[in-house]
Amino acid sequence: MKKISIALILVLISFSTALNAQSKIKAIKTGRLIDVVTGKILENQIILIDSNRITNIGSNITIPSGAEIIDLSKATVLPGLIDCHTHLTLSLGENYYDDLFRKTATDYAIEATVNAKKTLEAGFTMVRDAGADQLIDVSLRNAINNGTVPGPRMLVTTFPLGSTGGHTDLTGFNPNLDFKGNKDFTGVADGIDEIRKRVRNNVKWGADWIKFMASGGVLSEEETPGLPQYSFEEMKAICDEAHLWGKKAFAHAHGTEAIKMAIKAGVSSIDHGSLIDTEGIALMKQYGVYLVADIYNDDYILSEYAKKGYPEKILNKERMVGKLQRENFQKAVNAGVKIAFGTDAGVYPHGWNGKQFFYMVKYGLTPMQAIQAATINAATLLSWDTQTGSISTGKLADMIAVQDNPLDNIRALENVSFVMKEGKIYKK
Ligand code: ARG
């Protein structure tokens with residue numbers, strides 16, 4: 001009797017896992033398919049997927065028997081989106097002083113798992129995360145890779161490097177307050193030796209990318225978003241040390257001179273780029289550096305951050321850079337600078353990443369170029385273009401669908417109805 005009931009339970013368990021399980025072979029019927037490599041729309045294509053990879057694409061291919069058929073014939077299918085500047089472990093803008101003084105890294109870590117899911121469900125299958133406290137980003141990346149929590153594939157930064165008193169340091173408070181904790185859990189470093197040690201520490205702890213604060217920032221209490229916060233020699237030491245370890249470097253840089261210094265020092269992308277001038281634009285082109293400009297943020301910060309207790313000096317900095325950032329983005333686009341999509345998610349609510357497309361089109365990109373910025377360009381910047389960034393045979397099956405045609409209405413990308421990452425469906 002006992003034996004029978006155990007057997008019955010086992011059968012029931014395997015039956016229910018079979019219901020939840022997804023077939024190894026999948027065939028997606030697409031209405032429109034955006035080919036970001038050629039910049040064309042293809043009609044009525046079938047995409048075959050085996051486990052995590054795309055094995056065939058065409059209008060006239062036989063679907064293997066037993067394949068799971070996914071009907072997206074009324075939708076537009078495009079590659080999984082990539083955001084090159086997120087902070088999945090941060091939710092800024094809730095309450096300035098509470099966030100600084102009461103929240104712990106553990107609080108942020110728990111929220112981060114929710115943020116990751118929201119980001120994936122918004123259609124972002126990959127992110128470069130631009131800095132986190134206490135290695136939460138490394139733990140989150142690993143948990144996502146293990147399948148413990150759903151989220152986008154993450155490349156992480158750990159502790160962005162920055163000078164004493166700069167954008168990575170905590171300034172504006174009673175000097176007796178000590179937030180340091182573990183002495184290695186910081187990106188604050190001055191001078192070549194300290195800098196090289198911090199880069200090595202970041203790599204040791206699991207950083208995929210090295211980030212530094214080339215200029216001041218907006219959402220910190222130091223005064224000058226425009227001025228450089230490292231010497232050229234320091235910036236160069238960061239990039240050289242990163243390259244030594246096989247990592248690429250990128251710079252948070254709002255300021256005109258800081259942008260030029262960081263480009264010459266060897267970064268792969270300039271993030272924010274707010275006060276870039278003609279000479280900076282020419283250097284971006286000459287060195288093949290990508291611009292990752294978070295041009296949605298301004299609206300959100302100006303409408304929400306005063307309510308959340310942010311000091312007037314911070315809001316004033318936003319008023320100083322926000323509009324110029326958009327205008328200068330347009331100048332860079334017109335000059336043909338390479339653009340990759342990055343939003344600084346965490347400054348605004350996670351999962352809203354897609355809202356930035358509208359601004360990128362408003363400030364100069366065609367809808368196709370905006371989509372390319374978030375797919376093939378982003379994948380290329382991240383050195384992942386052989387694996388993702390386009391729907392191509394042999395690449396990982398990272399793809400999404402939207403109901404409208406985003407080439408007619410870019411805001412269609414704010415409502416993603418289907419998400420697949422590495423062949424697994426997360427939303428449909
Ligand atoms: N993390 C950036 C900083 O604090 C956010 C800048 C937001 N403003 C903007 N206009 N993009 O500097």
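Indexing begins at 1, ligand by ligand and atom by atom, following the structure's order.
Residue nearest to atom 11 (N) of ligand 1, selected from T343, D294, D299, V347: D294 (by heavy-atom distance). Evaluated by nearest non-hydrogen atom to atom 12 (O) of ligand 1, the leading choice among H254, H272, H87, M213 is H254.
For the pair R198 and F159, the cation-pi test (distance below 6.0 Å, angle within 45°) is failed. Both the sub-6.0 Å distance and the 45° axial angle are satisfied by K103 relative to the ring of Y108.
Within ligand 1, counting atoms from 1 as listed, the ones closer than 4.0 Å to a heavy atom of G322 are 10 (N). Listed by atom number, the atoms of ligand 1 under 4.0 Å from D344 heavy atoms are 1 (N), 2 (C), 5 (C). Proximity to V218 (heavy-atom distance under 4.0 Å) selects the following atoms of ligand 1: 3 (C), 4 (O), 12 (O). Residue contact check: I301 has heavy atoms under 4.0 Å from atoms 7 (C), 8 (N) of ligand 1. Numbered from 1 in the order shown, with element, the atoms of ligand 1 that lie under 4.0 Å from a heavy atom of H252 read 3 (C), 12 (O). Listed by atom number, the atoms of ligand 1 under 4.0 Å from L219 heavy atoms are 3 (C), 4 (O).
Outside the 6.0 Å centre-distance limit, the rings of F329 and Y363 are not counted as a close aromatic pair. Ring pair F357/F341: centre-to-centre distance below 6.0 Å. Taking the centre of each ring, F101 and F173 come in below the 6.0 Å mark.
Judged by the shortest distance from any of its heavy atoms, H167 lies inside the 4.0 Å radius around the atoms of ligand 1.
At under 3.5 Å, not a single nitrogen or oxygen of G217, backbone or side chain, sits near a nitrogen or oxygen of ligand 1. Residue Q325 places at least one N or O, backbone or side chain, under 3.5 Å from an N or O of ligand 1. Between E318 and ligand 1, a contact under 3.5 Å exists for at least one N or O pair.
Taking the six-membered ring where tryptophan is involved, the planes of Y310 and Y96 are tilted, since the angle between them lies from 30° to 60°.
Each of D344, N115, D129, D137 was evaluated against H87; a single residue qualifies, D344, per the side chain to side chain donor-acceptor pair (under 3.5 Å) test.
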(request) Just do the ring-ring contact (aromatic ring centres under 6.0 Å, His included) check on H85 and H272 with the steps written out, would you? (result) CA-CA 10 Å; H85 196 123; H272 307 301; 5.1 Å; yes
